[in-house]
Each structure stands twice: as C-alpha cells, then as structure tokens.
Amino acid sequence: MNTTIRIKLSIMMFLEFFIWGSWFVTLGTFLASNLHATGSETAAVFSTQSWGAIIAPFIIGLIADRYFNAEKILGILHLIGAFLMYQMYVSDDITFFYSYVLGYMILYMPTLALVNSVSFNQMNDPEKEFANIRVWGTIGWILAGLSISFLFHWDSAEGVTQGLLKNTFLLAGIAAFILGIFSFSLPKTPPKVAATEKIKIGDIIGLDALKLLKDKNFAVFFISSILICIPLAFYYQNAHPFLTEAGVENPTGKMAIGQISEALFLLLIPVFFTRFGFKKTILVGMLAWAIRYVLFAYGNGSELSFMLIIGIALHGICYDFFFVSGQIYTNSKAGEKYKSAAQGLITLATYGIGMLVGFGVAGWITDNYKTLDGTIDWKMVWIIPAGIALAVFLLFALLFNDKTKTEKEIPAV
C-alpha cells in the first residue's frame, strides 16, 4: 500500500467515526433538554441503531456487494446522511426527529462495513495493516468529544440550557458531507458478487452459522452475548445525561476517556488470551460492566467524581474483553466455511437484537424510577444493569466449559 492510499484510508476512517462521535454520545442529553423526550421516547430513538444494524446486511448483501463500487455507495450514503443530519439539526419535534434518525441510521450502519471493505481491498496483509488504519477512527471519535467539550462548550451547563447541543448534528452533517465528497476519490472497490449470481437471505444474515449452536459452549456464548448487550445499552443511552445531571464538567470530553481506554486495552487482549484463555478474559469483561455501574450508582459529580471517571475508563475492558474477544472466539469456532456467516450472526444478535431489547429496558427503567419531583433515581438506573451484568457473568462462569486454545487464533498486535 503506497503512502497516498494509506493517507486517504486514514482520513476516511477518521471522518467515519468523527461523524458518529459528534452526535451519538450527547444524544440522550439533547433529547431530554431540547425535545423533552421521555425515557421510552429516548429508547425508541436509540433503538434506531439496532434497526440500522439489522437492515445493514441487506443493503450490503443485496446492493453494495452486487451492483456498485463500495466507495461510490459510501459517498452516496454519506451525502444523503448529511441532508438528514441537517433535518435533525432544525427539528424541534420528537416524532419528526425520530423519523430522521431512523432514516439516518439505516444509511449509516452499512457504511461501517463499507469502510472496512474499501480498506481491506487495498491491503496485502490486513492483520498487520488494518489496525494502523482503524485507529484513526478511534482518534476521530475522541477528537469529536474533545471538540464539543473544550472547543465549542456545547455540553456545559449553560450550553445545555441554551439548547446548543443541537449544533452537534450540524457538526456531524458537515463532516458527513465532506466524507461523502471525499469518498469518490477513494481507491476503486468493485462489487464482490456478480449481479446475476443468486444469493440467499440466509447467507446475508448468517443463518448458516446457526449450526454452531449445536455446540453447547457456543450456544452459551451466543446467549450471553445477547444478554450482556442489555446493560451495554444503558451506557450508550444514559451515561451522558447522567454525567450532565451529576454536574460533571465537560462530560463529552471526559467520556472520550472510554475510547482512549478501548484503544489501549485492545493491545492487551493477546496477552490475556495467552496467559488466561478465552473464558477468563471474557469473564473479566463481563465483571467490568457490573463494577462500572456500581461506581456510577454510588459516585457523584463532586467529591466522588473519581468513581465516575474510573467507570468511564473501564470502557476498554468492558468492550474489548467481551466483544473483541468474542469475535476472535467466534472466528476460531466457525472455521473457514462459516467464518463470515458466524460474524454476521453475532453482529445481528448483539447490535441488533440484544441492544434493541437493551434500549427498551433502559427506557422503561428510566421512566419508572423517578422521584416525587420528577428527577431520575440514577442509583436504581445503574444498580439494575449492574445486577443484569453480574447474572450474565455467573451464567457464563457456570455453564461455559470450552477448553479450546483460542489464543492460537489471535494475530500479533
């Protein structure tokens, strides 16, 4: 890969995740302060991510992989996304806002696969080259959060009161427009499948991988993956509103600590796999979710603010040790025949079904745990997902007994 292509791919990844980080982190606070959304309405808006994840494989499998170059589809989706972002920016009604977000996420979620396709198509050794490109996505997300807090101050107490968080959609829309135009200059990535070749719906969503569920241990892992996404949804939906209400200064910038942690702990996964194996590594990830929420439940924005910061910093362990480890485990169990199908099935189960349920539960809990003056009982909002995470931890610890040396599947970092 020459330097010009490397720079282009890095810019692509940076903008792809800068867009997402520009608006998704602060979405919960925006919905409550600007649109006065209830917990169930907020859950419905966040669940658009899950619907996008469910529909994305069909867009990729039926259109992008068969008829058009990936970089052209990427450009078109982001240009339409920029228009929808502007509609979200000017919207002041939750019903219309929901329709715009739903349309946007149906278009955005496929781009996550498209940027990977464009990248892999230019690589001779993806295991060694991809991480150096993908890290720019994490940098983009982090910079978006830092900009909102320390450059624009949209998430300050005064900024939230003045409704300035709506500017996050304008920022994301501008970045989406830039990426949409820039995408047409990316290396050509032609369709992978001939337009005349028959394709089954089961191939697209990975139904062939259901055969793996005959393995008791994989079935336990599969069910645990869905269940752990319920407490995961609480973090995405409630963390920013909670930190804002707790009086934490620059909450968006401080939540970027989670992405920094994610990048650092990613490097430690091979070490944990080699020394402790898959089961212990993934159990650490599950337990981290419970610990994080207990810290949120009993911390505050003043003398115990360090507990909240530690909770945010645990994101690397929570996400990497479970989801990345799970992807490696799935890869090792599936074999060459079902490798792609298995990854597709796990993605559908977690980001689709699991988080769809999780957002709904989080919204219901938020609506039903309010004090007499109408404020949210955040202690209970966090204790409940902590309990769910602990229950999944115990379920997995007791029922999963696979002794496979999955660490052999881990590429060197």
Side-chain angles (χ1 to χ4, degrees), residues 39-40 43-44 46-47 49-54 205-207 209-210 212-239 258 262 277-297 311 314-331 333-334 342-366 368-369 380-402 406:
S40 59
F46 271 91
S47 69
Q49 174 189 274
S50 298
W51 290 118
I54 291 171
I205 60 177
L207 290 184
L210 287 175
L212 296 174
L213 296 178
K214 295 178 181 179
D215 182 328
K216 176 225 171 188
N217 288 301
F218 188 84
V220 170
F221 162 72
F222 184 80
I223 294 171
S224 298
S225 296
I226 296 175
L227 294 178
I228 203 67
C229 283
I230 296 176
L232 169 63
F234 277 76
Y235 181 74
Y236 287 142
Q237 188 164 307
N238 291 325
E262 182 182 328
F278 168 70
K279 181 176 181 178
K280 291 181 180 178
T281 300
I282 206 166
L283 282 173
V284 169
M286 291 177 175
L287 188 60
W289 283 107
I291 295 172
R292 155 188 267 185
Y293 290 148
V294 169
L295 290 169
F296 281 0
L314 282 173
H315 183 73
I317 299 177
C318 293
Y319 185 87
D320 291 339
F321 280 38
F322 186 86
F323 285 96
V324 178
S325 297
Q327 290 166 1
I328 294 171
Y329 173 73
T330 300
N331 188 68
K333 297 297 289 185
Q343 294 293 348
L345 184 64
I346 287 294
T347 300
L348 180 67
T350 53
Y351 285 98
I353 298 170
M355 291 193 69
L356 186 63
V357 174
F359 287 132
V361 172
W364 186 87
I365 295 296
T366 303
N368 285 275
Y369 281 94
M380 287 304 300
V381 167
W382 295 121
I383 284 294
I384 291 172
I388 296 173
L390 184 60
V392 179
F393 170 86
L394 294 174
L395 170 74
F396 192 82
L398 294 173
L399 298 181
F400 187 90
N401 296 301
D402 195 351
T406 51

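Side-chain atoms are counted along with the backbone in the values below, which use heavy atoms only and exclude waters and symmetry mates. This chain uses plain numbering: 1 for the first residue, then up along the sequence. Owing to the predicted nature of the structure, the values given are computational and were not obtained by experimental measurement.
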In short, salt bridge (Lys or Arg N to Asp or Glu O under 4.0 Å) pairs touching residues 213-238 with sequence neighbours left out are Asp215-Lys333
Open item on the list: In the structure I gave you, are the side-chain heavy atoms of Phe396 and Lys279 within less than 4.5 Å of one another anywhere?
Closed with: yes
With sequence neighbours left out, the residues meeting side-chain hydrogen bond (donor to acceptor under 3.5 Å, both in side chains) with Tyr319 are Tyr351
**Request:** Assert yes or no for the condition that the ring centre distance of Phe400 to Phe278 is strictly below 6.0 Å.
**Result:** yes
For this session: Compare all side-chain heavy atoms of Tyr329 with those of Ile346 and state whether any distance is below 4.5 angstrom.
Result: no
Are any non-hydrogen side-chain atoms of Leu232 and Phe323 less than 4.5 angstrom apart? yes
Taken to the nearest 0.5 Å, the spacing of Ile54 CD1 from Ser47 OG works out to 9.0 Å
Discussion item. Is the shortest side-chain heavy-atom distance between Val361 and Phe234 below 4.5 Å?
Written reply: yes
Aromatic plane relationship, Trp289 with Tyr293 - under 30° parallel, 30 to 60° tilted, over 60° perpendicular: tilted
> So, do Phe322 and Cys229 sit near enough that their side-chain heavy atoms are less than 4.5 Å apart?
Replying inline: no
(Q) With heavy-atom distances below 4.5 Å as the criterion, would you say the side chains of Phe296 and Val381 are in contact? (A) no
**Message:** Quick check: do Ile230 and Val392 have side-chain heavy atoms less than 4.5 Å from each other?
**Reply:** no
So CD of Gln49 and CG of Leu356: to nearest 0.5 Å the spacing works out to 10.5 Å
